[in-house]
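The next block holds one structure in the form of structure tokens; read it before the comments.
Please read all numbers here as calculations on a predicted model, not as lab measurements.
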Amino acid sequence: VRMTRRETVVQLLEGARRNNHRQLLVVSGDHDWTIAQAEQIQHWLCAHADTHLWVSQKAPAGSTGVGSRDLHRYLGRETELLIFDAWDGFNPNAFGQISGTLCGGGLLILLCPDLNDWHEYEDPEHKALVVEPYGVEAVGRRFIRRLVSLIHQEDQLALLTPDGFYAEPYERSIPSPSEHNNVSAPYASADQQKAVDLIIKTLSRGRRPVVMTADRGRGKSAALGIIASQLMLKGNKQVWVTAPSLDNVAEVFTHAAAQLAPAQVEKGRVTCGSTVLQYITPDDACRIDGHGAVLLVDEAAAIPAPVLTRLLDRFPRIVFSTTVHGYEGTGQGFAVRFRRELDRRTPNWKAIELLEPIRWSGGDPLEAFIFESLLLNAEALSEDQAQRCDGEALTIRCVERDQLLADDMLLKQLFGLLVLAHYRTTPGDLRILLDSPNLTVWVAQQDKQVVGAALIAEEGPISVELAQALWEGTRRPKGHLLPQTVIGQEGYLEAAPLRCGRIMRIAVHPMLQRQGVARQMLREIAEYGMQHQWDYLGSSFGATEELLLFWQNNGFGAIRLGENRDAVSGTHAALVCRPLSDPGRLMFNHLRDRFTQQLPLLLGYNLRDLEVEVLPMLLQGMRFDTDLSRHDLRDLEAFVQHNRSYESCIAPIRKLVIRALKNRSVWHALTPDELSLLVSKALQQRSWEEINAESGRKTLMRRMRALIGECLRLS
């Protein structure tokens, strides 16, 4: 029997509701027609304004509309009808994020051009993928081609075009009765209740960290809110919650406040009597004494592992919570990198996983489609597979992006490795990977298995007019990070005509690290750069001892250190460079000398809180005047062996400390406390009270005299 469109929509939703699943309907045609169809379906369903949402700049009157950039304000709510207008641009992160608000039995309508022509549409999102001198016409169309191919393959979605309605009968079996009905408020599932009870019990047993993982829609953030409220009701005076941003934890505060009435609620803070739940940035959390408090870390996958380690050291009672397949970061990389630190520092840590979806039932076809289309299910080689690779007989090559589109297994292994290696990899990076016009993609393979990957952005040259504007600080165009920084921050206008390759990502499978894979890749990339007339290679990253050592061991030198810390990683951004041509070498030497002059001054100013273990790595290869004159040596002898004041020997002490830190054998002979004292006093110019108010000046002076004597002996 031929059904009307309305009857077809009703039947689709009846099937979805029986299974508590969500239905995807793709409406494909010209712009006005697709908008009209969505409006009509909304009318048929009598969707209430509070339960439907248009992700569109053209939401009809009486409807709730929001642009993809403002979706964070809606992520905590529930929707029954969701219209995603791809005519406004298909933002992968937005599509994945907002789909999590749709309840079981709900309908997601994707409005798009004719599927055969969609790849030719000038998507507004293309503007985010281009840098000068490219225009939007240079952006690839591979991401949309892949998405269209998946739409054609997926038999559980419905397709509406001007030619008709295409929908398979809903044949998924009705799931077994959910445990949702066996729990009472504030819990949404038995799974969630068990997790909360177990975490509260674990936190009462002293230093035993908890790691809670879940896919989206499992009630993870709500569980943290309930945990916070129960801790406060049990008399915990201070409960902190941290995440990459306050928006990430809005749901935590909502659920906590709901259990604490009456409570005083402010942005990022809930007060109930003498107890407080408060948001704190990851960087600030690393600076407080967490004894006596509890720290809840949400979206932990989007926070660098070194920061998580510092939080682990600061807070005896701590919960790490993360999304396994996320949009802010990936739990896969978190699990691999941070699990080792947990095993080493707190081997009794507790793992808890939320499996049961709350807003929909397991086996949800929309979730499966989103995982596949956004590659949230992309995985690198397993540890067992990687162990069979020995790092030898590598094939290293620059991959044509069309090949990634044709070879889905290659794409998944590549993207899975990038996800595993970098905490901020998101679905949006997939579109950049496939379509950005100034990007080259490299893989290292063994037996056709991807064990290494690198993304290189081609940057420069910069026009004379733009370079002058950058130097004057009147323009900040998109892209060209390295030339912009060199010209705008370091004042080297001569960099304008130079071309470079910025290494955005480089990743090696954890089981094959420290076997020379990255070194071989960088060697091949440098050879490619010279063949294509690049003047230098460079990269920018959060400065840590490990990363600086990696880049220095591969021929890169630091030419700049950002003055401000990143709010999430808590690190200063380092810029490293490796020249490939004579002009590139001239630039590198000039900026290296300038950095050498600036660094000692910055250490007493904006870099006074720089991690002491980072400094020796920065000093390697720098040409400081550390020759000690006869007078310098007499001053140092007087300071070490007699009662000469520290202040009268500052200059020779400073020379000696820099000399000692540049000598790896001397620096490695120092304990962390000794290194900290030398750097804090001699280079960062802190007062004795700032260094250690408890020890007192006389005690610190005795230690300093002994240390300077040891540096003299070893140097």
Practice prompt. For the pair Lys127 and Glu137, find out whether any cationic side-chain nitrogen is under 4.0 Å from an anionic carboxylate oxygen.
Written response: no
Fill in: From CA spacing to verdict: side-chain contact (heavy atoms from CB on, under 4.5 Å), Trp54, Asp88
CA-CA 11 Å; Trp54 285 68; Asp88 276 357; over 6 Å; no
Worksheet item: Is Leu420 close to Pro510 at the side-chain level, that is, under 4.5 Å between some pair of heavy atoms?
Response: yes
Discussion item. To check you understand the geometry: which heavy-atom pair defines the closest contact between Ala158 and Leu12, and what is its length?
Written reply: CB-CD1, 3.6 Å
Worksheet item: Under the side chain to side chain donor-acceptor pair (under 3.5 Å) test, which residues partner Thr34, sequence neighbours left out?
Response: Trp87
Worksheet item: Any side-chain heavy-atom pair from Tyr166 and Leu160 closer than 4.5 angstrom?
Response: no
Worksheet item: When rounded to the nearest 0.5 angstrom, what is the spacing between CD in Glu379 and CD in Gln413?
Response: 11.0 Å
Item to complete: Verify side-chain contact (heavy atoms from CB on, under 4.5 Å) between His52 and Glu80, making sure each step is shown before the conclusion.
Response: CA-CA 6 Å; His52 79 265; Glu80 295 176 2; over 6 Å; no
Fill in: Whether Gln259 side chain and Ala256 backbone form a donor-acceptor pair below 3.5 Å
no
Worksheet item: Would you say the side-chain atoms of Glu299 and Thr322 include a donor-acceptor pair closer than 3.5 Å?
Response: no
Fill in: Test item: Leu405 and Arg145 side chains (from C-beta on) under 4.5 Å apart, heavy atoms
yes
Worksheet item: Hey, is the main chain of Tyr279 close enough, under 3.5 Å, to the side chain of Arg269 for a donor-acceptor pair?
Response: no
Worksheet item: Side chains of Phe415 and Leu434: does their closest heavy-atom pair fall under 4.5 Å?
Response: no
Worksheet item: Taking Asp30 for the side chain and Trp33 for the main chain, is one N or O donor matched with an acceptor at less than 3.5 Å?
Response: yes
Fill in: Side-chain donor-acceptor pair present, Arg216, Gln97, cut-off under 3.5 Å
no
Discussion item. Do the side chains of Glu372 and Arg146 get close enough for a salt bridge, i.e. N-O under 4.0 angstrom?
Written reply: yes
Response to the item:
d(Asp197 CG, Gln230 CD) to nearest 0.5 Å is 7.0 Å
Worksheet item: Going from OG1 on Thr425 to CD1 on Ile432, what distance comes out if it is rounded to the nearest 0.5 angstrom?
Response: 10.0 Å
Discussion item. Testing the basics here: between Ala243 and Asn248, what is the closest heavy-atom pair and its distance to 0.1 Å?
Written reply: CB-CB, 3.8 Å
Worksheet, complete the sentence: To the nearest 0.5 Å, atom CG of Leu260 lies from atom CG of Leu277 at 8.0 Å
Worksheet item: Does Asp402 come within less than 4.0 Å of Arg142, counting only side-chain N to carboxylate O?
Response: yes
Worksheet item: For Leu381, does its backbone N or O pair with a side-chain atom of His509 as donor and acceptor, under 3.5 Å?
Response: yes
Discussion item. Between Glu125 and Arg69, does any side-chain N to carboxylate O distance fall below 4.0 Å?
Written reply: yes
Practice prompt. Indicate yes or no for a side-chain donor-acceptor contact from Asp364 to the backbone of Arg22 under 3.5 Å, with no hydrogens or angles considered.
Written response: yes
Discussion item. Show, in sequence, the C-alpha distance, side-chain angles and deciding distance for Phe320 and Thr213, and conclude whether the side-chain contact (heavy atoms from CB on, under 4.5 Å) test is met.
Written reply: CA-CA 8 Å; Phe320 299 97; Thr213 57; over 6 Å; no
Worksheet item: In Å and rounded to the nearest 0.5 Å, what is the CD1 to CD1 distance from Ile227 to Ile200?
Response: 5.5 Å
Practice prompt. Report the residue from Glu353, Glu367, Glu356 that forms a salt bridge (Lys or Arg N to Asp or Glu O under 4.0 Å) with Arg218.
Written response: Glu367
Worksheet item: Would you say the side chains of Thr51 and Glu78 form a donor-acceptor pair under 3.5 Å?
Response: no
Worksheet entry | Ionic contact status for Lys412 with Asp408, cut-off 4.0 Å | yes
Fill in: Donor-acceptor pair between Ser189 and Gln193 side chains, under 3.5 angstrom
no
Worksheet item: Does the ring centre of Phe90 sit less than 6.0 Å away from the ring centre of Phe84?
Response: yes
Worksheet item: Can you check whether Leu410 reaches Leu404 side chain to side chain, under 4.5 Å on heavy atoms?
Response: yes
Fill in: Closest contact, heavy atoms only, Gly96 versus Ser99
O-OG, 2.7 Å
Discussion item. Regarding Ser28 and Thr161, do their side chains bring together a donor and an acceptor under 3.5 Å, going by distance alone?
Written reply: no
Worksheet item: So, Gln42 side chain and Ile83 main chain: donor-acceptor pair closer than 3.5 Å or not?
Response: no
Practice prompt. Please name the pair of heavy atoms, one in Leu374 and one in Pro427, separated by the smallest distance, quoted to 0.1 Å.
Written response: CB-CB, 4.0 Å
Practice prompt. Please assess Ser221 against Asp298 for the test side-chain contact (heavy atoms from CB on, under 4.5 Å), listing each intermediate value before the final yes or no.
Written response: CA-CA 7 Å; Ser221 294; Asp298 202 4; 3.0 Å; yes
Worksheet item: Backbone N or O of Ala59 within a donor-acceptor pair of the Ser63 side chain at under 3.5 Å?
Response: no
Worksheet item: Are Gln278 and Val241 side-chain neighbours, meaning at least one heavy-atom pair lies under 4.5 Å?
Response: no
Worksheet entry | Validation row: Val297, Val319 side chains within 4.5 angstrom (heavy atoms) | no
Item to complete: Flag the pair Asp435 and Arg141 as a salt bridge only when some basic side-chain nitrogen lies within less than 4.0 angstrom of an acidic carboxylate oxygen.
Response: no
Fill in: N/O donor-acceptor pair under 3.5 Å between His21 side chain and Leu366 backbone
no
Discussion item. Strictly distance-based, threshold 3.5 Å: is any side-chain N or O of Asp191 a donor or acceptor partner for the main-chain N or O of Leu354?
Written reply: no
Fill in: Closest non-hydrogen atom pair between Gln192 and Gly219, with its separation
NE2-O, 3.0 Å
Discussion item. I'd like to know if the side chain of Arg401 and the backbone of Leu433 have a donor-acceptor N/O pair within less than 3.5 Å.
Written reply: yes
Item to complete: Decide whether Ser361 and Asn20 meet the rule of one side-chain donor and one side-chain acceptor closer than 3.5 Å.
Response: yes
Practice prompt. Could you tell me whether Lys58 and Asp32 make a salt bridge, using a distance below 4.0 angstrom between a side-chain N and a carboxylate O?
Written response: no
Worksheet item: How long is the gap from CD on Glu39 to CD1 on Ile109, to the nearest 0.5 Å?
Response: 11.0 Å
Practice prompt. Could you tell me which non-hydrogen atom of Gly428 sits nearest to which non-hydrogen atom of Asn93, and how far apart they are?
Written response: N-OD1, 2.8 Å
Item to complete: Count the heavy atoms of every other residue, nucleotide or ligand shown that sit under 6.0 Å from NZ of Lys478, and state whether that count exceeds 12.
Response: yes
Item to complete: Please examine the side chains of Phe369 and Leu150, heavy atoms only from C-beta on, and report whether any two atoms are closer than 4.5 Å.
Response: yes
